[in-house]
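Just below is one structure, and these are the notes that go with it.
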There are 2 protein chains.
Amino acid sequence: MKDRNEALALDRADPLAALRDQFALPSGTIYLDGNSLGVAPKAAAARAQQVIAAEWGDDLIRSWNSAGWFALPRRLGNKLAPLIGAADNEVVVTDTISVNLFKVLSAGLRMQQMRDPQRRVIVSERSNFPTDLYIAQGLIEQLDRGYELRLIDDPADLPAALGDDVAISMLTHVNYRTGRMHDMQTLTRQIHACGALALWDLAHSAGAVPVDLNGVGADFAVGCTYKYLNGGPGSPAFVWVPQRHQRAFSQPLSGWWGHSAPFAMSPDYRPADDIGRFLCGTQPIVSMALVDCGLDVFLQTDMQAIRRKSLALTDLFIELVETRCAGLGLELATPRGHAQRGSHVSFAHPHGYAVMQALIARHVIGDYREPHVLRFGFTPLYLRYADVWDAVEMLRDVLANEQWRAPEFAARGAVT
Amino acid sequence: MKDRNEALALDRADPLAALRDQFALPSGTIYLDGNSLGVAPKAAAARAQQVIAAEWGDDLIRSWNSAGWFALPRRLGNKLAPLIGAADNEVVVTDTISVNLFKVLSAGLRMQQMRDPQRRVIVSERSNFPTDLYIAQGLIEQLDRGYELRLIDDPADLPAALGDDVAISMLTHVNYRTGRMHDMQTLTRQIHACGALALWDLAHSAGAVPVDLNGVGADFAVGCTYKYLNGGPGSPAFVWVPQRHQRAFSQPLSGWWGHSAPFAMSPDYRPADDIGRFLCGTQPIVSMALVDCGLDVFLQTDMQAIRRKSLALTDLFIELVETRCAGLGLELATPRGHAQRGSHVSFAHPHGYAVMQALIARHVIGDYREPHVLRFGFTPLYLRYADVWDAVEMLRDVLANEQWRAPEFAARGAVT
C-alpha cells in the first residue's frame with residue numbers, strides 16, 4: 001500500500017465497519033492494545049447502571065434469582081461457547097484464568113492417576129504466559145508426588161517431549177509475546193497419540209481467531225474475557241470442559257457454587273453432574289454482567305469474518321512497517337504465515353520500552369513485553385485500515401526522529 | 001417497648017442516623033438481609049461510571065497504573081484492616097472466600113507438615129457454612145495423605161476435639177444460620193494451646209461486630225465484602241495473614257499477581273515477600289472498585305458505635321417478637337447473651353419458608369435457611385429502630401392472620 005486513500009477505500013468496503021460504533025473509543029487515540037484490555041462497549045455504562053441501581057439497589061437479594069445473577073456463569077458460558085467451538089453447557093464464566101488452570105490441571109492429573117499413574121509430566125513451553133507455569137509449579141509442589149513440569153523451548157520440540165510419562169500438555173494457543181499461533185488440531189492429535197490430555201489456554205484466541213475445541217477433540221480449555229471479548233478490566237475468565245469429561249473429572253476447588261444442590265446447605269460436597277462442578281465461590285456480579293455487553297457484539301458477526309479482517313489488518317501492518325519503517329531497527333517477531341499468526345503483531349527493537357512510551361505519548365497505544373518486544377493488537381470489531389496506516393506513520397516518526405530518546409521515555413515504571 | 005413512638009425517639013437520638021442517607025435504600029421496603037447482600041451505597045453508581053467511562057473507556061490499559069487498578073487488592077485491604085484488628089499490609093481483597101480458604105488451609109497444613117507432620121486433622125463445625133467444609137474436603141482429597149476433617153456438633157465440644165493430631169481449626173466467627181458468635185479470644189487460646197493454627201472465617205463478622213485478629217493472635221482469616229461491608233453483589237473477598245506468618249507460609253494458587261515481580265515475566269514463580277503472595281490472578285476491577293464505596297462509610301464511624309447500635313437493634317427485635325408475636329410459633333435460634341450474638345437474629349418456625357415469602361410480599365425482606373430458619377439481619381449503618389418496630393408488626397400480621405398459608409408462598413424455588 002502506497003497511499004492512505006487505499007486504506008480509506010478498504011474501510012469503506014469493510015463489512016464489519018459498522019460495529020465500531022458500538023464501542024466507546026477515546027477520541028484522538030489509535031488503540032492497538034485490545035489484546036491486553038479490550039475497548040469498552042458503549043452498552044457497558046448503561047448495563048452497569050441497571051445492575052447497580054435497579055438490580056442491586058432496588059431488588060437487592062431477590063436479584064440472585066429475578067435478575068439471573070446466580071445463572072450468569074452458565075448463561076454467559078453458553079453465549080461464549082460458539083466462539084470457541086464449544087457446545088451448550090460446556091463453558092462457565094468464572095474466577096480467573098489462574099484459578100481455572102488450577103482446576104483443570106488438577107482434574108487432568110487426577111484422571112491420569114486413575115488411568116496410568118506413571119504419567120507424571122506436565123508439558124508446556126518456557127515462553128508460555130508465566131501464570132500458566134506458576135500455577136503448574138504451585139500444583140506440583142502441593143501434590144508432592146513426583147510430578148514434573150517439562151518445558152520446551154521451541155514448538156518443534158513438542159513431539160520429542162511427548163513421552164509415555166506425559167499426563168497433560170498445557171499450551172497457549174496464541175503466544176502472548178510473539179503472537180505465534182499453534183496448530184491446535186495437529187498438536188492435539190499428537191498429544192492424544194502419546195496418551196496425554198490436551199489443555200489449551202485461549203487467552204489470546206477467544207474472540208480473536210476461530211477456535212474449534214470440539215472439532216479438534218481437546219480435553220480442557222481456559223481463557224479470559226477482558227481481551228478480545230471486551231468484557232472489562234479483569235472481567236471473569238472462562239473454563240471449558242467437554243460433555244464427555246464432565247462427570248469423569250473432579251477438581252479440588254470444591255466451593256458451594258459447584259455443589260449439585262448449593263442451597264440444601266448439606267455439610268458434604270456432592271459435585272453438580274455437569275459443567276457446574278467447575279464453579280467454586282460467589283462471583284463478582286457487576287464485572288460479570290458487563291461480559292454480556294462484550295459478547296453481544298459478536299452475535300452480529302461471526303469468527304470467520306473477524307478472522308478475515310484480522311489477517312488483512314495484521315498483513316497490512318507488517319507490510320507498512322517493513323516498507324515505511326525500513327532500516328529503523330524493527331524486527332518482526334510474529335510469524336508471517338497466516339496459519340501461525342494470531343491477532344497481534346510484535347516487533348523487536350533494542351530500545352523497545354522507550355519506543356513504545358514515545359508512541360503512547362503520540363496517542364498510539366500498544367504495549368511492551370520483556371525483552372525488547374513492542375506489541376500491537378488488532379481487534380477487527382473497532383479498528384480501521386486507516387488506523388493501521390496512521391499508527392505506522394506515527395511509529396516511523398518516533399523512530400526516524402529518535403523521539404524515543406527523550407529522557408521522559410527512559411524511566412521504566414510498573415509495566416502492564 | 002410498648003409504642004412505636006419510643007422507637008422514633010431512639011432514632012432521633014441515634015448517633016449513626018445520618019449515615020442512612022448514604023445508602024440507596026429502596027422505598028417502601030424494610031431490608032433485613034444485609035447479612036446476605038448489603039445495600040448499595042449511593043456513591044457506587046457514580047464510581048462505576050467513573051471506572052467504566054473514564055478509567056476503562058478513556059484511559060484503557062493505562063489505568064492499570066494511573067487509576068491504581070493493580071494496587072486495588074492491597075489498597076482496599078489496608079482500608080478494611082482496621083475493621084478487623086489487622087495491620088497495614090496484612091489484608092488483600094481478592095478472589096472469593098472459597099478460593100481464599102483453599103489458600104490459607106493449604107498454607108496452614110504445609111506449615112504444620114514442616115513442624116509436626118503427625119498433625120493431620122482440620123477441626124470445624126458441622127454447622128459451619130457449607131463452602132468452608134466443601135473446600136476442606138476438596139483439599140483433603142487433593143492432598144491424599146491421610147488428612148481428616150473432624151466436625152464438632154456443639155461449640156462446647158471444641159476442647160475435646162483439640163488433640164495433638166490437630167493441624168488447624170477452621171471456625172466461622174458468627175454462624176450464618178443462627179447468628180451465634182464464638183468467643184474468638186478464648187477459642188484461639190485453646191487452639192494454640194493444643195499446638196494448632198487458628199483460621200477464622202469472618203463472613204458474618206467483618207463490619208458487623210468488632211474483631212481484633214492481632215489482639216487475639218489468630219493465624220489466618222478470610223471474609224467477604226458483600227454482606228455488612230456493602231461492596232456489591234459477589235464483590236471480591238479478603239484474606240488476612242499476619243506479618244509474622246507472611247514469609248513462612250506459601251500456598252498453591254501461585255498465580256502471577258502473587259509473584260514478587262509479575263511483569264518480569266520470569267518462567268519461575270518467586271512469591272512476593274509479603275501479603276502479595278496470597279494474590280493469584282487478575283481481579284475483576286469494576287466489582288472491586290465498588291468495595292471502596294462500602295468501606296468509605298465505615299471511615300465516618302467506628303466498630304464500637306456500630307456494635308452498640310447492632311445490639312440495641314437485635315435486643316429490640318427479640319423483645320418485640322417475643323412479646324408482640326407471642327404464641328405464634330416462633331422460637332428464638334440466636335443466643336440471648338450479647339457476647340454470643342452477631343448482628344443477625346434467627347427464629348425457627350415450622351413453616352419458615354412460607355412465612356418468609358409472605359413477609360417478603362409485604363416488603364419486609366429477610367431470608368430463609370434450611371431447616372425452618374427465618375433470618376433477620378440488622379445493619380446499623382442504614383436501619384432505624386422504627387424499622388424494627390414496623391417489621392415486627394408485619395411479621396405479627398403474617399402469622400396472626402396466617403397469610404403465609406396462601407398457596408403462592410408454598411412453592412419452593414431456588415433459594416438464596
Side-chain angles (χ1 to χ4, degrees), chain A residues 24 26 31 33 36-37 40 44-45 48-49 52-53 56-58 60-61 64-65 69 96-99 102 106 126 130-131 133-135 137-139 141-142 232-236 252-256 263-267 269 280-287 290 365 367 369-370 414-416, chain B residues 24 26 31 33 36-37 40 44-45 48-49 52-53 56-58 60-61 64-65 69 96-99 102 106 126 130-131 133-135 137-139 141-142 232-236 252-256 263-267 269 280-287 290 365 367 369-370 414-416:
Chain A
Y31 189 68
D33 211 7
S36 188
L37 172 63
Q49 285 315 293
I52 293 171
W56 178 19
D58 289 339
L60 277 156
I61 192 71
W64 281 107
N65 294 314
W69 290 350
T96 63
I97 286 196
S98 300
V99 165
F102 192 85
S106 296
R126 197 176 310 279
T131 213
L133 306 181
Y134 301 162
I135 288 292
Q137 290 163 20
L139 176 62
E141 185 182 351
Q142 187 200 29
S235 54
L253 290 168
S254 46
W256 71 308
F263 293 100
M265 303 282 166
S266 150
Y269 185 72
C280 181
T282 306
Q283 291 300 296
I285 295 302
V286 183
S287 281
L290 303 186
I365 317 288
D367 65 20
R369 283 292 175 269
E370 297 286 358
V415 189
T416 51
Chain B
Y31 190 68
D33 212 6
S36 188
L37 172 63
Q49 285 315 292
I52 293 171
W56 179 19
D58 289 338
L60 279 156
I61 192 70
W64 282 107
N65 295 314
W69 289 351
T96 64
I97 286 197
S98 300
V99 165
F102 192 85
S106 296
R126 198 176 309 279
T131 213
L133 306 181
Y134 301 162
I135 289 291
Q137 290 163 19
L139 176 62
E141 187 181 352
Q142 169 96 333
S235 55
L253 290 167
S254 46
W256 71 309
F263 292 100
M265 303 283 165
S266 150
Y269 185 72
C280 181
T282 307
Q283 292 300 297
I285 295 302
V286 183
S287 281
L290 303 185
I365 317 287
D367 65 21
R369 284 292 177 266
E370 297 286 356
V415 188
T416 52

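Per chain, numbering begins at 1; letters A, B, ... match sequence-line order.
- When A:Pro236, A:Gly57, A:Ser235 are compared by the number of non-hydrogen pairs under 4.5 Å with chain B, A:Gly57 comes out ahead.
- Checked by atom type and distance alone, the side chain of B:Gln137 pairs as donor or acceptor with a backbone atom of A:Pro267 at under 3.5 Å.
- Both the backbone and the side chain of A:Ala45 have a heavy atom closer than 4.5 Å to some heavy atom of chain B.
- Pairing each heavy atom of B:Pro252 with each of A:Phe102, the nearest pair is O-CE1, 3.9 Å.
- The heavy-atom pair separating B:Gly234 from A:Trp64 by the smallest distance is N-CZ2, 4.2 Å.
- The closest side-chain heavy-atom distance from B:Leu37 to A:Ile61 is below 4.5 Å.
- Taking the ring-ring contact (aromatic ring centres under 6.0 Å, His included) definition, one finds that A:Tyr134 meets it with B:His259, B:Tyr269, sequence neighbours left out.
- Put simply, of B:Trp56, B:Trp256, B:Tyr31, the one with the most heavy-atom pairs under 4.5 Å next to chain A is B:Trp56.
- Nearest heavy-atom pair, A:Ile52 versus B:Ala48, reported as atom, atom and distance to 0.1 Å: CD1-CB, 3.2 Å.
- Comparing B:Ser254, B:Ala44, B:Cys280, B:Gly232 by how many heavy-atom pairs each has under 4.5 Å with chain A, the most go to B:Ser254.
- With a threshold of 4.5 angstrom between heavy atoms, A:Ile135 approaches chain B through its backbone and through its side chain.
- Counting heavy-atom pairs closer than 4.5 Å to chain A, the top-ranked of the candidates B:Ala53, B:Gly255, B:Ala264, B:Ser106 is B:Gly255.
- Annotation: side-chain hydrogen bond (donor to acceptor under 3.5 Å, both in side chains) contacts of A:Thr131 (sequence neighbours excluded): A:Ser98.
- If you take CG on B:Leu253 and CD on A:Gln142, they are separated by 8.0 Å, rounding to the nearest 0.5 Å.
- Between chain A and the options B:Asp58, B:Leu60, B:Thr96, heavy-atom pairs under 4.5 Å are most frequent for B:Leu60.
- When side chains are defined from C-beta on, A:Val286 counts as touching B:Leu290, because their heavy atoms get closer than 4.5 Å.
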